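Shown below is the structure under consideration.
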Amino acid sequence: MIRVLIVDDEPLHIEGLVRHIDWDGLGYESPLTAESGEEALAILAETPVDVLVTDVSMPEMTGIELLARCRSDYPQLQSLQTLMISGYDEFEFVQEAIHLGVKAYVLKPIKTEEMEEKLAAFRTAIEKKHQIERETEALKEKVTGSLDVLHDRFVGDLLEGRLQNEDMAGSWSRLLELPAEPRPFRLFLFGYDRLPDSPLQDARQRILLSDGLMRAVRVGLSGLPGTYIGRTGADEAAVIHLNASPADRARIEKQLPFVQDVIREQCAASLTIGVSRESSGWEEAPLLLKDVKHMVNRARGAGSGLIHYFDRLEATEYQEFQLREENIPEIVRLLEKGDGEQAVLAFNQAFDLLLMQSPVSFSYVQAFGMGLLSELARKFKRPKGDDGEINIRMWQRLIDCASTAEIRKVLLDELSRYAQMQQKERTAQQHHLIHNIARYLEDHLLDQVTVKQLGEQFQLNPSYLSVLFKKETGRTISDYVQELRMNRAKELLRDPHRKVYEVAEQVGYQTTAYFAYLFKKTTGVTPQEFRDYHYEE
């Protein structure tokens, strides 16, 4: 059965739809209902829904804004079938609704036959979609029947860091019957040094060479327990060797020259192999891959077709490179982005990595701190004239530290200071931006400006712009525009020589009836009643 959610701020309208539509006959469950956009979003976050039926004109959050939030905040709702209901045939609503993927649009008063016809069409579309999903799932089951495909996908997920997610790790553990507790493992990386020169070096030959490498590795390591083989690129293969005994380690290392010989004979290419240090946590797999790639790339300068094992000194050099070229820029990038919490998390991970080096000197940890502070000072300019004095005090605090724990505290204090400074600047920028958007809306009051057009004008994602505007002003964009129009209308209505239809046109409404409806809904009186009360002889 298909599940539908009806959203309308008028309970009687909801009751009419629930009572008069033959939901069961159309193949639908009894409808879920909500009387506001916020209530609807709460239901959608918890309950799978196939069809959304929503009124356009609602307080706080319009149907258009509700659908925009669904599209931006809930990726699983991208295929949601949506039917919009409106009491007025407003072009601005239709245009924005189509842009957001609305599949049907009906006008009040609702005709039961028209509504049921559109719902039946939705049911047909949903049933076809479900059929495709069932066929896709069946195909997936066939694919997972291949152990090689499973291993390839597992290695890819592991090396890309996806197994840091507990649900994903548990899923793979059950599927491949992996040990429940972490077990020691090593990574073997097989990579072509230089593919053979040939005029036929096209996509087809690249595929053949990639498949040849995978076959050679699988054949060479066949029968070895705890091995999982996957691709890391067109020219590379990776092997995870899990929970290996000393005898198993010796066996796999004896097979490495065999794989190289096969590639040399069958593909006329040389193969370099990198062997990582041993690790016991899945979360370290992406770092092992970086270590081994760095080691292999450096070692190729000494010759091709070799086998290289993890080297502590070389790993330390790579970690220094990583701290300088990757970790510090990432911390600064997160601060620039305004994500102070993630910047602190990245800093702590980098600092812990630094302390893991054995041995690590106190002066080297201070040097890392100095490098981070220098980059922060370079990227984030303080008020003019303060830079030099503040930077000197900051560096002096670092020099005065007597332990790595004190260094960590000093750096965290500075990160917090810079994060607060960035937040103030971002808040000021946002305030200025929303002020400019509000002025733009005032200047284009007669235009039917959509959120999408505003996003294009100010180079912002429309959904983000809507959230930002409401956060800054306490009102949605549509409520703000409506308020501007109503205030302008009040000014114009004080002139007895202006007709009501003229006022409607001059504040951006195409129909007098819709203007009168909104005016009374906003002020409690009709335009004419407002004029009669406020007109002074």
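Computed from a predicted model, the values in this text were never measured in an experiment.
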Practice prompt. Show the numbers, then the answer: is there a side chain to side chain contact (heavy atoms under 4.5 Å, CB included) between Leu372 and Asn327?
Written response: CA-CA 9 Å; Leu372 175 58; Asn327 297 121; over 6 Å; no
Worksheet item: Are Ser222 and Thr227 side-chain neighbours, meaning at least one heavy-atom pair lies under 4.5 Å?
Response: no
Practice prompt. Examine distances only and state if a side-chain atom of Ser171 and a backbone atom of Met168 form a donor-acceptor pair shorter than 3.5 Å.
Written response: no
Worksheet item: So, Asp339 and Arg333, do they make that salt bridge, N to O below 4.0 Å?
Response: no
Worksheet item: Salt bridge check: are Arg153 and Asp157 linked by an N-O gap of less than 4.0 Å?
Response: yes
Worksheet entry | Flag for Ser210-Arg231: side-chain donor and acceptor within less than 3.5 Å | yes
Practice prompt. Measure from the side-chain N and O atoms of Asp8 to the backbone N and O of Asp55, and report whether any donor-acceptor pair falls under 3.5 Å.
Written response: no
Discussion item. So does Gly220 get a backbone contact from the side chain of Gln255, meaning a donor-acceptor N/O pair under 3.5 Å?
Written reply: yes
Practice prompt. Look at Asp211 together with Arg215 and state whether they make a salt bridge at an N to O cut-off of under 4.0 Å.
Written response: no
Fill in: Heavy-atom closest contact (Tyr28 atom, Arg123 atom, distance)
OH-N, 3.7 Å
Worksheet item: Has Glu60 got more than 12 heavy atoms of other residues, nucleotides or ligands less than 6.0 Å from its CD?
Response: no
Discussion item. With a 3.5 Å distance limit and no angle check, can you tell me whether Asp152 reaches the backbone of Asp148 through a side-chain donor-acceptor pair?
Written reply: no
Worksheet entry | Exam field: side chain Gln260 to backbone Leu271, donor-acceptor pair closer than 3.5 Å | yes
Worksheet item: Would the number of heavy atoms belonging to other residues, nucleotides or ligands and lying under 6.0 Å from CD of Glu117 be above 12?
Response: no
Discussion item. Please identify which of these residues, Leu288, Thr232, Leu159, Ile273, meets the side chain to side chain contact (heavy atoms under 4.5 Å, CB included) condition with Leu189.
Written reply: Thr232
Discussion item. Looking at every non-hydrogen atom in both residues, tell me the closest pair between Ser466 and Val451 and how far apart they are.
Written reply: OG-CG1, 3.4 Å
Practice prompt. Apply side chain to side chain contact (heavy atoms under 4.5 Å, CB included) to Phe347 and Arg408, showing your working.
Written response: CA-CA 9 Å; Phe347 164 76; Arg408 186 195 291 264; 3.9 Å; yes
Discussion item. Looking at Arg3, is its backbone amide N or carbonyl O close enough to the side chain of Asp50 to form a donor-acceptor pair, meaning the two atoms are under 3.5 Å apart?
Written reply: yes
Worksheet entry | side chain to side chain contact (heavy atoms under 4.5 Å, CB included) between Val239 and Leu187, worked out | CA-CA 6 Å; Val239 176; Leu187 167 68; over 6 Å; no
Discussion item. One thing to verify: whether Glu65 and Arg69 come together as a salt bridge, which I'm taking to mean a side-chain N less than 4.0 angstrom from a carboxylate O.
Written reply: no
Discussion item. To check you understand the geometry: which heavy-atom pair defines the closest contact between Asp22 and Glu116, and what is its length?
Written reply: N-OE2, 3.0 Å
Worksheet entry | Approximate separation, where rounding is to 0.5 Å, of Leu221 CG and Ile252 CD1 | 5.0 Å
Discussion item. Can a donor-acceptor pair be found, under 3.5 Å and without considering hydrogens, that links the side chain of Ser374 to the backbone of Met370?
Written reply: yes
Worksheet item: Going through the distances and angles, do Leu26 and Ile21 end up as a side chain to side chain contact (heavy atoms under 4.5 Å, CB included)?
Response: CA-CA 9 Å; Leu26 290 168; Ile21 300 296; 3.9 Å; yes
